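Model, not experiment: these values are computed from the prediction. In what follows, chains are A, B, ... by sequence order, proteins preceding strands, each numbered from 1.
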Number of protein chains: 2
Amino acid sequence: MYSNCSSDKIHIMIIEDDAIYRESIADLINDTDTLICEHACESCEEALVVLEKQDVPQVILLDIQLPGISGIEGISKIKALSPSTQIIMLTVFDDDDKVFNAICQGATGYLLKSIGGEEIQQAVTQVVCGGAAMSPVIAAKILKMFSEYNQPTKDYGLTEREKEILKILVEGKNKKQSAAELFISQHTLDTHLKNIYAKLHVHSQIDLVSKTLKEHLL
Amino acid sequence: MYSNCSSDKIHIMIIEDDAIYRESIADLINDTDTLICEHACESCEEALVVLEKQDVPQVILLDIQLPGISGIEGISKIKALSPSTQIIMLTVFDDDDKVFNAICQGATGYLLKSIGGEEIQQAVTQVVCGGAAMSPVIAAKILKMFSEYNQPTKDYGLTEREKEILKILVEGKNKKQSAAELFISQHTLDTHLKNIYAKLHVHSQIDLVSKTLKEHLL
DNA sequence: CCCAAAATACCCCGATTACGGTATTTACAG
DNA sequence: CTGTAAATACCGTAATCGGGGTATTTTGGG
């Protein structure tokens, strides 16, 4: 899937506004024997100019807190110019929203600043080989989001048939269509629906669909 | 948050049906200077008996493919007896469903078998310190699930007011209630709703709510 | 064999919705 | 100033829905 798990040095770009930190990371990278950092930019704007010249790195280390185009906004702009470039977010922040947004934008890594050269090297290698790199704390956050999102589904005691009906209704079909699809009369569907309403304590289709989708009942 | 990032050895339990692999992992663990494995069980059933005796480890390495109670089912049973125990799934499988289910059940790690002792040590330490441990390939899968789930929201050209109305309707309220909440007449809401229907190409509230929630339009 | 749960089917009717009009006011860009 | 988009408001009607009944058949456990 990705070309470089092999011999050549992996080209890295850094985008980070703090000059001292930027150079220190660049040094760390250039001290390794597998990575090379040719571009160390202080803003997304500067980086995008470089990318437009087709001078695309395999991996970009991208700070999240940047003046002008923020790191999170930058992800999609970078991806637009160079879809194959993998982006690793690098930040001191670990608040859920930022992590969440960055990942939704398609970052393949999320590391807390404070990492050493060895860890960067490891992370970059993993990313280039098709994996993802995350600081353990970030990984835990993501897993937590996942399991919270899929809370234990409450059991409203729906029968199999009722679930089947619910599934079709939630697709956006009306009663007539749904009944036809299940080869039952509209009256029967009506009866089932009444029972479903009672079990879920709802009184309209919007209520039903809303509750079903929000509580992931299916 | 978690007690042991400190001196004492971390107690590990292994649940794995393959005797050879089980013992080999146990040996790897006992060869380290920070971990100790006192219980190496061949099934969840066996492990649960040990846990009932209050002999709870800090971390459990849990195989996913087990006879009887599967690894995924085991997670919740283990958590019920010992909520503080962190569970790391250990498996040869990396298919999305298994990963997804395990994580939703509350596993804090997911490692592919084939790992060495050093990696186990690292993973366990991370988990005990409140982080999560994932093989890079698994991490990438999870990030992919995340970003795919939050696909770029299509723009149907809804106005602010229309979005506002949509938001309220999706809560499960009917037209009358929604209109009241926005201090507008039901006729006005009707007009807006007609426009929304046209823009989203839907023809009923159920359709509307379904599409809105599925495409995360809000 | 009997009971209970589930699935099937039908009736009725007031409330609500969907959607076709039309029309006025506000806000803002050209 | 003028035109367009957006928000506001109203009318009418066919269609659908919600909820109140009742009733038969199927299925599986005791």
Take the protein atom [atom1] of [X] and the nucleotide atom [atom2] of [N], then report the distance between them rounded to whole Å.
X        : N      : atom1 : atom2 : value
A/Ile196 : C/dA6  : CD1   : P     : 13 Å
B/Ile184 : C/dT26 : CD1   : P     : 17 Å
A/Lys163 : C/dA7  : NZ    : P     : 11 Å
B/Leu189 : C/dT16 : CG    : P     : 14 Å
A/Glu162 : C/dA7  : CD    : C1'   : 9 Å
A/His187 : C/dA9  : NE2   : P     : 9 Å
A/Leu182 : C/dA6  : CG    : P     : 18 Å
B/Asp207 : C/dT17 : CG    : P     : 15 Å

Determine to 10° how strongly the helix from C/dC1-D/dG30 to C/dG30-D/dC1 is bent, judged from the axes of its five-pair ends.
->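 Overall, the helix from C/dC1-D/dG30 to C/dG30-D/dC1 bends by 50° from one end axis to the other.
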When you look at NZ of A/Lys79, are more than 12 heavy atoms from neighbouring residues, nucleotides or ligands closer to it than 6.0 Å?
->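 Count over threshold, so yes.
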With sugar-phosphate meaning primed atoms plus P, OP1 and OP2, does [X] contact a base, only sugar-phosphate, or nothing at under 4.0 Å between heavy atoms?
X        : answer
B/Lys176 : sugar-phosphate
B/Gln205 : sugar-phosphate
A/Asn195 : nothing
A/His203 : sugar-phosphate
A/Thr191 : base

Please walk me through it: do A/Ile14 and A/Leu62 pass side chain to side chain contact (heavy atoms under 4.5 Å, CB included)?
-> CA-CA 6 Å; A/Ile14 299 169; A/Leu62 176 55; over 6 Å; no
Check this for me, if you would: do [X] and [Y] make a salt bridge, where the nitrogen-to-carboxylate-oxygen distance has to be below 4.0 angstrom?
X        : Y        : answer
A/Lys113 : A/Glu16  : yes
B/Lys214 : A/Glu171 : yes
A/Glu162 : A/Lys167 : no

Can you tell me how far SG of A/Cys41 sits from CG of A/Asp17, rounded to the nearest 0.5 angstrom?
->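 Atom-to-atom, A/Asp17:CG and A/Cys41:SG are 12.0 Å apart.
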Partners passing side-chain hydrogen bond (donor to acceptor under 3.5 Å, both in side chains) against A/Asp55 (at least two apart in sequence or in another chain) =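 Partners of A/Asp55 under the side-chain hydrogen bond (donor to acceptor under 3.5 Å, both in side chains) test: A/His39.
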First and last nucleotide of DNA chain D touching chain A, 5' to 3', heavy-atom cut-off 4.0 Å?
->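 The contacted stretch runs from D/dT16 to D/dG21.
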Report the C-alpha separation of B/Ile15 and B/Leu90 in whole Å, then their side-chain angles, then the decisive distance to 0.1 Å, and conclude whether the side chain to side chain contact (heavy atoms under 4.5 Å, CB included) test is met.
-> CA-CA 9 Å; B/Ile15 311 177; B/Leu90 207 53; over 6 Å; no
What nucleotide, of C/dA6, C/dC10, C/dA18, holds the atom closest to the side chain of A/Thr159?
->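 Among C/dA6, C/dC10, C/dA18, the one nearest the side chain of A/Thr159 is C/dA6.
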Name the closest nucleotide to the B/Lys194 side chain, picking from C/dG20, C/dC10, C/dA18.
->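 Nearest nucleotide to the side chain: C/dG20.
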How do B/Ile206 and B/Thr188 order along DNA chain D: which one's closest nucleotide is nearer the 5' end?
->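 It is B/Thr188 whose nearest nucleotide is closer to the 5' end.
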Identify which one of B/Leu166, B/Ile165, B/Ile168 satisfies the side chain to side chain contact (heavy atoms under 4.5 Å, CB included) criterion when paired with B/Ser178.
->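 Output: one option passes, namely B/Ile168.
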Can you name the nearest heavy-atom pair linking B/Tyr197 to B/Gln205, along with the distance?
->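 In terms of heavy atoms, the two residues are closest at OH-N, 3.0 Å.
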